Student: 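Structure below; questions to follow.
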Amino acid sequence: MFPTPIEKRSRQWQIGYQALLPIVLIIWLLPLIAVAVFSIKPEADFVNGNYWGMPSSFEMFTNYGKVFFESDMPRYLLNSVFITVPTVIGCMVLSSMTGFALGVYKFKGNLLIFFMFIAGNFVPFQILMVPVRDLTLALNLYDTKLGLVLFHIAFQTGFCTLFMRNFIRALPFPLIEAARVEGVAEWRIFIFVVLPLMKPALAALAVLIFTFIWNDYFWAIVLTQGPDSQPVTAGITSFNSQFRSAYHLMSAGSIVAALPPVAMFFLMQKHFIAGLTLGAVK
(Lines give C-alpha, C1' and ligand atoms only; values in the text may rest on other atoms or scores of the structure.)
Protein backbone atom coordinates (compact mmCIF):
# COMPACT_ATOMS: atom_id res chain seq x y z
CA MET A 1 0.00 0.00 0.00
CA PHE A 2 2.85 2.36 0.86
CA PRO A 3 6.15 2.70 -1.04
CA THR A 4 9.13 0.90 0.40
CA PRO A 5 11.48 3.26 2.29
CA ILE A 6 14.71 3.95 0.41
CA GLU A 7 16.71 2.57 3.36
CA LYS A 8 15.20 -0.87 2.69
CA ARG A 9 15.89 -0.79 -1.03
CA SER A 10 18.89 -2.34 -2.70
CA ARG A 11 22.24 -0.56 -2.86
CA GLN A 12 21.67 0.27 -6.54
CA TRP A 13 18.39 2.03 -5.69
CA GLN A 14 20.06 4.02 -2.93
CA ILE A 15 22.89 5.16 -5.20
CA GLY A 16 20.43 6.15 -7.91
CA TYR A 17 18.35 8.05 -5.40
CA GLN A 18 21.36 9.94 -4.06
CA ALA A 19 22.48 10.78 -7.60
CA LEU A 20 19.07 11.99 -8.81
CA LEU A 21 18.19 13.98 -5.69
CA PRO A 22 20.54 16.95 -6.41
CA ILE A 23 19.42 17.03 -10.05
CA VAL A 24 15.74 17.14 -9.09
CA LEU A 25 16.51 19.79 -6.48
CA ILE A 26 18.24 22.00 -9.07
CA ILE A 27 15.32 21.58 -11.50
CA TRP A 28 12.89 22.48 -8.71
CA LEU A 29 14.88 25.60 -7.79
CA LEU A 30 15.66 26.61 -11.37
CA PRO A 31 12.92 29.29 -11.62
CA LEU A 32 14.07 30.84 -8.35
CA ILE A 33 17.69 30.73 -9.49
CA ALA A 34 16.72 32.43 -12.75
CA VAL A 35 14.90 35.22 -10.89
CA ALA A 36 17.90 35.68 -8.60
CA VAL A 37 20.24 35.97 -11.61
CA PHE A 38 17.87 38.42 -13.31
CA SER A 39 17.89 40.59 -10.20
CA ILE A 40 21.64 41.31 -10.49
CA LYS A 41 21.69 41.99 -14.24
CA PRO A 42 21.76 45.46 -15.79
CA GLU A 43 18.87 46.70 -17.91
CA ALA A 44 21.09 46.57 -21.01
CA ASP A 45 21.19 42.76 -20.86
CA PHE A 46 17.43 42.59 -21.39
CA VAL A 47 17.52 45.19 -24.15
CA ASN A 48 20.23 43.21 -25.97
CA GLY A 49 18.46 39.87 -25.48
CA ASN A 50 20.90 38.47 -22.93
CA TYR A 51 18.23 36.73 -20.87
CA TRP A 52 19.97 33.50 -19.91
CA GLY A 53 23.64 34.38 -20.29
CA MET A 54 26.02 35.61 -17.64
CA PRO A 55 25.47 39.22 -16.50
CA SER A 56 27.55 41.74 -18.42
CA SER A 57 28.02 43.63 -15.15
CA PHE A 58 27.17 43.09 -11.50
CA GLU A 59 24.28 45.45 -10.65
CA MET A 60 22.97 43.89 -7.45
CA PHE A 61 23.36 46.97 -5.23
CA THR A 62 22.01 49.29 -7.93
CA ASN A 63 18.92 47.17 -8.60
CA TYR A 64 18.07 46.49 -4.98
CA GLY A 65 18.80 50.11 -4.12
CA LYS A 66 16.20 51.26 -6.65
CA VAL A 67 13.73 48.76 -5.27
CA PHE A 68 14.08 50.09 -1.72
CA PHE A 69 14.71 53.81 -2.32
CA GLU A 70 13.05 54.64 -5.65
CA SER A 71 9.83 52.65 -5.36
CA ASP A 72 7.03 51.98 -2.88
CA MET A 73 8.46 48.58 -1.95
CA PRO A 74 9.10 49.53 1.74
CA ARG A 75 5.48 50.63 2.06
CA TYR A 76 4.24 47.41 0.45
CA LEU A 77 6.39 45.37 2.82
CA LEU A 78 4.99 47.21 5.83
CA ASN A 79 1.47 46.66 4.52
CA SER A 80 2.16 42.94 4.28
CA VAL A 81 3.45 42.92 7.85
CA PHE A 82 0.40 44.84 9.13
CA ILE A 83 -1.86 42.40 7.28
CA THR A 84 -0.09 39.11 7.95
CA VAL A 85 0.85 39.41 11.62
CA PRO A 86 -2.65 40.31 12.93
CA THR A 87 -4.13 37.61 10.72
CA VAL A 88 -1.81 34.95 12.12
CA ILE A 89 -2.52 36.04 15.70
CA GLY A 90 -6.27 36.18 15.12
CA CYS A 91 -6.39 32.77 13.44
CA MET A 92 -4.36 31.10 16.19
CA VAL A 93 -6.43 32.64 19.00
CA LEU A 94 -9.78 31.73 17.46
CA SER A 95 -8.77 28.28 16.23
CA SER A 96 -7.20 27.28 19.54
CA MET A 97 -10.47 28.10 21.34
CA THR A 98 -12.74 26.50 18.75
CA GLY A 99 -10.42 23.51 18.49
CA PHE A 100 -10.56 23.11 22.27
CA ALA A 101 -14.36 23.33 22.32
CA LEU A 102 -14.84 20.88 19.46
CA GLY A 103 -12.07 18.51 20.54
CA VAL A 104 -12.80 18.27 24.27
CA TYR A 105 -16.56 18.71 24.69
CA LYS A 106 -18.95 16.08 23.38
CA PHE A 107 -22.36 17.49 22.63
CA LYS A 108 -25.09 17.09 20.06
CA GLY A 109 -24.21 18.88 16.86
CA ASN A 110 -20.45 18.80 17.49
CA LEU A 111 -19.68 17.26 14.10
CA LEU A 112 -22.14 19.55 12.33
CA ILE A 113 -20.43 22.65 13.71
CA PHE A 114 -17.04 21.17 12.87
CA PHE A 115 -18.12 20.49 9.28
CA MET A 116 -19.43 24.05 8.98
CA PHE A 117 -16.01 25.37 9.96
CA ILE A 118 -14.20 23.40 7.29
CA ALA A 119 -16.88 23.64 4.58
CA GLY A 120 -15.58 27.01 3.44
CA ASN A 121 -12.28 25.46 2.45
CA PHE A 122 -14.03 23.58 -0.36
CA VAL A 123 -15.54 26.70 -1.95
CA PRO A 124 -13.47 28.06 -4.88
CA PHE A 125 -12.12 31.58 -4.39
CA GLN A 126 -13.60 32.74 -7.68
CA ILE A 127 -17.14 32.09 -6.45
CA LEU A 128 -16.57 34.27 -3.38
CA MET A 129 -14.90 37.13 -5.24
CA VAL A 130 -17.99 39.22 -6.06
CA PRO A 131 -19.96 38.76 -2.79
CA VAL A 132 -16.88 39.39 -0.64
CA ARG A 133 -16.02 42.53 -2.60
CA ASP A 134 -19.62 43.78 -2.29
CA LEU A 135 -19.57 43.04 1.44
CA THR A 136 -16.38 45.01 1.99
CA LEU A 137 -17.85 47.92 0.00
CA ALA A 138 -21.02 47.85 2.11
CA LEU A 139 -19.00 47.86 5.34
CA ASN A 140 -16.61 50.58 4.10
CA LEU A 141 -13.73 48.12 4.38
CA TYR A 142 -12.78 48.02 0.71
CA ASP A 143 -9.19 49.05 -0.01
CA THR A 144 -8.23 48.89 3.66
CA LYS A 145 -5.78 46.70 5.50
CA LEU A 146 -8.41 45.99 8.16
CA GLY A 147 -10.82 44.59 5.58
CA LEU A 148 -8.17 42.23 4.23
CA VAL A 149 -7.21 41.14 7.75
CA LEU A 150 -10.80 40.40 8.76
CA PHE A 151 -11.47 38.45 5.58
CA HIS A 152 -8.31 36.34 5.93
CA ILE A 153 -9.12 35.58 9.57
CA ALA A 154 -12.66 34.54 8.67
CA PHE A 155 -11.55 32.35 5.80
CA GLN A 156 -8.46 30.77 7.38
CA THR A 157 -10.07 29.98 10.73
CA GLY A 158 -11.79 26.96 9.20
CA PHE A 159 -8.52 25.30 8.22
CA CYS A 160 -6.92 26.30 11.52
CA THR A 161 -9.84 24.83 13.47
CA LEU A 162 -9.46 21.55 11.58
CA PHE A 163 -5.75 21.53 12.41
CA MET A 164 -6.15 22.39 16.12
CA ARG A 165 -9.19 20.21 16.76
CA ASN A 166 -7.45 17.09 15.46
CA PHE A 167 -4.32 17.97 17.45
CA ILE A 168 -6.24 18.49 20.69
CA ARG A 169 -8.14 15.20 20.28
CA ALA A 170 -4.76 13.42 20.23
CA LEU A 171 -3.74 14.89 23.60
CA PRO A 172 -4.01 12.69 26.75
CA PHE A 173 -7.56 13.29 27.98
CA PRO A 174 -6.80 12.05 31.55
CA LEU A 175 -4.92 15.32 32.14
CA ILE A 176 -8.13 17.28 31.56
CA GLU A 177 -10.16 14.87 33.70
CA ALA A 178 -7.64 15.13 36.53
CA ALA A 179 -7.85 18.92 36.44
CA ARG A 180 -11.65 18.76 36.53
CA VAL A 181 -11.54 16.42 39.54
CA GLU A 182 -9.38 19.01 41.32
CA GLY A 183 -12.07 21.61 40.65
CA VAL A 184 -10.13 23.66 38.07
CA ALA A 185 -12.33 25.94 35.97
CA GLU A 186 -12.66 25.13 32.28
CA TRP A 187 -10.99 28.36 31.16
CA ARG A 188 -8.04 27.63 33.45
CA ILE A 189 -7.80 24.10 32.02
CA PHE A 190 -7.59 25.62 28.56
CA ILE A 191 -4.93 28.20 29.48
CA PHE A 192 -2.77 26.26 31.92
CA VAL A 193 -3.20 22.62 30.85
CA VAL A 194 -4.09 22.43 27.16
CA LEU A 195 -2.48 25.57 25.76
CA PRO A 196 1.10 24.68 26.84
CA LEU A 197 0.72 21.31 25.12
CA MET A 198 -0.41 23.08 21.94
CA LYS A 199 2.80 25.10 21.46
CA PRO A 200 4.27 22.81 18.74
CA ALA A 201 0.98 22.84 16.84
CA LEU A 202 0.65 26.62 17.20
CA ALA A 203 4.19 27.09 15.87
CA ALA A 204 3.52 24.86 12.86
CA LEU A 205 0.22 26.60 12.22
CA ALA A 206 1.85 30.04 12.49
CA VAL A 207 4.37 29.15 9.78
CA LEU A 208 1.67 27.78 7.48
CA ILE A 209 -0.71 30.72 7.88
CA PHE A 210 2.10 33.27 7.63
CA THR A 211 3.15 31.74 4.32
CA PHE A 212 -0.42 31.55 3.00
CA ILE A 213 -1.27 35.16 3.83
CA TRP A 214 2.06 36.70 2.86
CA ASN A 215 2.01 34.99 -0.55
CA ASP A 216 -1.66 35.73 -1.22
CA TYR A 217 -2.15 37.54 -4.52
CA PHE A 218 -5.74 36.89 -5.51
CA TRP A 219 -7.46 38.65 -2.62
CA ALA A 220 -4.80 41.33 -2.51
CA ILE A 221 -5.79 42.58 -5.96
CA VAL A 222 -9.53 42.00 -5.41
CA LEU A 223 -9.91 43.84 -2.10
CA THR A 224 -7.17 46.49 -2.25
CA GLN A 225 -5.69 48.99 -4.67
CA GLY A 226 -2.87 51.49 -4.33
CA PRO A 227 0.21 51.62 -2.10
CA ASP A 228 -1.72 52.64 1.02
CA SER A 229 -3.23 49.19 1.55
CA GLN A 230 -1.83 46.74 -1.02
CA PRO A 231 0.55 44.02 0.24
CA VAL A 232 3.84 43.30 -1.44
CA THR A 233 2.52 40.55 -3.73
CA ALA A 234 0.15 42.98 -5.43
CA GLY A 235 2.54 45.90 -5.14
CA ILE A 236 5.18 44.26 -7.32
CA THR A 237 2.86 44.55 -10.31
CA SER A 238 3.05 48.35 -10.01
CA PHE A 239 6.66 48.06 -11.17
CA ASN A 240 5.25 47.55 -14.67
CA SER A 241 3.89 51.09 -14.76
CA GLN A 242 6.62 52.69 -12.71
CA PHE A 243 9.65 51.15 -14.44
CA ARG A 244 8.07 50.08 -17.76
CA SER A 245 8.68 46.33 -17.66
CA ALA A 246 12.04 46.54 -15.94
CA TYR A 247 12.46 42.82 -15.41
CA HIS A 248 15.65 43.18 -13.42
CA LEU A 249 13.87 45.41 -10.88
CA MET A 250 10.81 43.18 -10.80
CA SER A 251 13.08 40.21 -10.13
CA ALA A 252 14.81 42.07 -7.31
CA GLY A 253 11.44 43.00 -5.84
CA SER A 254 10.27 39.39 -6.08
CA ILE A 255 13.34 38.17 -4.20
CA VAL A 256 12.74 40.77 -1.47
CA ALA A 257 9.08 39.74 -1.21
CA ALA A 258 10.00 36.04 -0.91
CA LEU A 259 12.57 36.47 1.87
CA PRO A 260 10.23 36.95 4.92
CA PRO A 261 8.40 33.58 4.54
CA VAL A 262 11.73 31.83 4.01
CA ALA A 263 13.19 33.52 7.08
CA MET A 264 10.05 32.65 9.07
CA PHE A 265 10.38 28.98 8.12
CA PHE A 266 14.06 28.73 9.06
CA LEU A 267 13.51 30.54 12.36
CA MET A 268 10.60 28.24 13.26
CA GLN A 269 11.90 25.13 11.52
CA LYS A 270 12.47 23.13 14.70
CA HIS A 271 9.01 23.90 16.10
CA PHE A 272 7.38 23.49 12.69
CA ILE A 273 8.71 19.94 12.21
CA ALA A 274 7.91 19.05 15.82
CA GLY A 275 4.32 20.21 15.37
CA LEU A 276 3.81 18.22 12.18
CA THR A 277 5.40 15.02 13.50
CA LEU A 278 4.09 15.08 17.07
CA GLY A 279 2.14 11.90 17.62
CA ALA A 280 3.46 10.24 14.47
CA VAL A 281 5.53 7.76 16.48
CA LYS A 282 5.13 6.28 19.93
Side-chain angles (χ1 to χ4, degrees), residues 31-32 35 67 71-95 117-164 202-242 250-268 272 275-276:
L32 181 60
V35 172
V67 167
S71 71
D72 291 321
M73 177 60 71
R75 183 182 297 183
Y76 291 128
L77 287 171
L78 284 177
N79 289 344
S80 289
V81 172
F82 292 148
I83 292 171
T84 305
V85 174
T87 300
V88 172
I89 295 174
C91 289
M92 289 194 299
V93 171
L94 291 176
S95 64
F117 267 103
I118 65 176
N121 294 315
F122 298 98
V123 179
F125 289 160
Q126 293 79 2
I127 296 177
L128 298 174
M129 179 176 64
V130 174
V132 168
R133 182 181 179 276
D134 292 343
L135 179 62
T136 55
L137 286 170
L139 297 176
N140 293 323
L141 293 175
Y142 180 75
D143 196 25
T144 62
K145 293 187 284 290
L146 177 61
L148 203 54
V149 168
L150 293 176
F151 169 77
H152 280 310
I153 291 177
F155 197 80
Q156 295 295 334
T157 298
F159 167 76
C160 297
T161 299
L162 169 66
F163 190 95
M164 296 308 303
L202 290 173
L205 190 61
V207 176
L208 290 174
I209 298 303
F210 185 94
T211 304
F212 293 162
I213 305 305
W214 186 278
N215 292 331
D216 173 69
Y217 176 74
F218 181 81
W219 292 113
I221 62 174
V222 170
L223 300 180
T224 60
Q225 58 181 0
D228 292 334
S229 55
Q230 276 191 331
V232 67
T233 50
I236 291 177
T237 58
S238 66
F239 282 26
N240 284 327
S241 58
Q242 182 176 358
M250 292 187 65
S251 298
S254 300
I255 294 295
V256 172
L259 287 179
V262 175
M264 176 73 172
F265 174 78
F266 281 106
L267 288 174
M268 303 289 290
F272 177 73
L276 293 182

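Given the structure is predicted, the values throughout are model-derived calculations rather than measurements.
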Student: Give, for atom CG of L146 and atom CG of N140, the distance between the pair rounded to the nearest 0.5 Å.
Tutor: 11.5 Å

Student: Where is the tightest heavy-atom contact between V222 and M129, given as atom of each residue plus distance?
Tutor: CG1-CG, 3.7 Å

Student: Nearest 0.5 Å please: distance from the CG atom of L205 over to the CZ atom of F210.
Tutor: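 Between atom CG of L205 and atom CZ of F210 there are 13.5 Å.
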
Student: If the condition is salt bridge (charged side-chain N to carboxylate O under 4.0 Å, His left out), which residues does D143 pass it with, not counting sequence neighbours?
Tutor: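 Partners of D143 under the salt bridge (charged side-chain N to carboxylate O under 4.0 Å, His left out) test: none.
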
Student: Say you draw a straight line from CZ of R133 to CG of L135; how long is it, rounded to the nearest 0.5 Å?
Tutor: 12.0 Å

Student: Output the distance between atom NE2 (H152) and atom CG (L223), rounded to the nearest 0.5 Å.
Tutor: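 Between H152 NE2 and L223 CG, I get 7.5 Å after rounding to 0.5 Å.
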
Student: Side chain to side chain contact (heavy atoms under 4.5 Å, CB included) between L77 and V256: does it pass, once the steps are laid out?
Tutor: CA-CA 9 Å; L77 287 171; V256 172; 3.8 Å; yes

Student: Once you round to the nearest 0.5 Å, how far does CE of M73 lie from CG of L78?
Tutor: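 Here the rounded value is 11.5 Å.
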
Student: Determine whether a donor-acceptor pair (N or O, by modelled atom type, separation under 3.5 Å) exists between the side chain of W214 and the backbone of V232.
Tutor: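 No, because the side chain of W214 does not come within donor-acceptor range (under 3.5 Å) of the backbone of V232.
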
Student: What's the spacing between D134 CG and L139 CG if we round to 0.5 Å?
Tutor: 11.0 Å

Student: So which heavy atom on Q230 is nearest to which on Q225, and how close?
Tutor: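 So the minimum-distance heavy-atom pair works out to NE2-CA, 3.6 Å.
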
Student: Would you call the rings of F163 and F159 parallel, tilted or perpendicular if under 30° counts as parallel and over 60° as perpendicular?
Tutor: tilted

Student: Not counting sequence neighbours, which residues clear salt bridge (charged side-chain N to carboxylate O under 4.0 Å, His left out) with R75? List them please.
Tutor: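 Only D228 meet the salt bridge (charged side-chain N to carboxylate O under 4.0 Å, His left out) criterion with R75.
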
Student: Write down the atom of S229, the atom of I83, and the distance for their closest heavy-atom approach.
Tutor: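 Looking at all heavy atoms of both residues, the shortest contact is O-CD1, 3.8 Å.
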
Student: For atom CZ of F218, is the number of surrounding heavy atoms from other residues, nucleotides or ligands below 6.0 Å larger than 12?
Tutor: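 More than 12 within 6.0 Å, yes.
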
Student: Can you find a pair of side-chain heavy atoms, one from L141 and one from L148, that are under 4.5 Å apart?
Tutor: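 Not in contact.
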
Student: Between the side chain of N79 and the main-chain N/O of P227, is any donor-acceptor distance below 3.5 Å?
Tutor: yes

Student: Provide the closest heavy-atom pair for G253 versus V67 in the form atom of the first, atom of the second, distance.
Tutor: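 Closest approach of G253 to V67: N-CG2, 4.0 Å.
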
Student: Any idea which heavy atoms bring L162 and I118 closest together, and the distance?
Tutor: CB-CG2, 3.6 Å

Student: Got a sec, which residues hit side chain to side chain contact (heavy atoms under 4.5 Å, CB included) with A206, two or more places apart in sequence or on another chain?
Tutor: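 With neighbours one apart ignored, the set is V88, M92, M264.
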
Student: Are the side chain of S95 and the backbone of M164 linked by a donor-acceptor contact shorter than 3.5 Å?
Tutor: no

Student: Check whether any side-chain heavy atom of V35 sits under 4.5 Å from a side-chain heavy atom of I255, and report yes or no.
Tutor: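 They are in contact (side-chain heavy atoms under 4.5 Å apart), so the answer is yes.
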
Student: Quick one: list whatever passes ring pair (Phe, Tyr, Trp, His ring centres under 6.0 Å) with F151, sequence neighbours left out.
Tutor: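 F151 satisfies ring pair (Phe, Tyr, Trp, His ring centres under 6.0 Å) with F155, W219 only.
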
Student: I'd like to check P231 versus D216 (side-chain heavy atoms, cut-off strictly below 4.5 Å). Are they in contact?
Tutor: no

Student: Shortest non-hydrogen contact from A257 to P260?
Tutor: O-CD, 3.5 Å

Student: Who are the side chain to side chain contact (heavy atoms under 4.5 Å, CB included) partners of P31, not counting sequence neighbours?
Tutor: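 Per chain and number, P31 pairs via side chain to side chain contact (heavy atoms under 4.5 Å, CB included) with no residue.
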
Student: Counting N and O atoms only, with roles assigned by atom type, does the side chain of T211 sit under 3.5 Å from a partner on the main chain of P261, one being a donor and the other an acceptor?
Tutor: no

Student: Go through the structure and list residues passing side chain to side chain contact (heavy atoms under 4.5 Å, CB included) with L94, not counting sequence neighbours.
Tutor: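 Here the qualifying residues are M97, I153, T157.
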
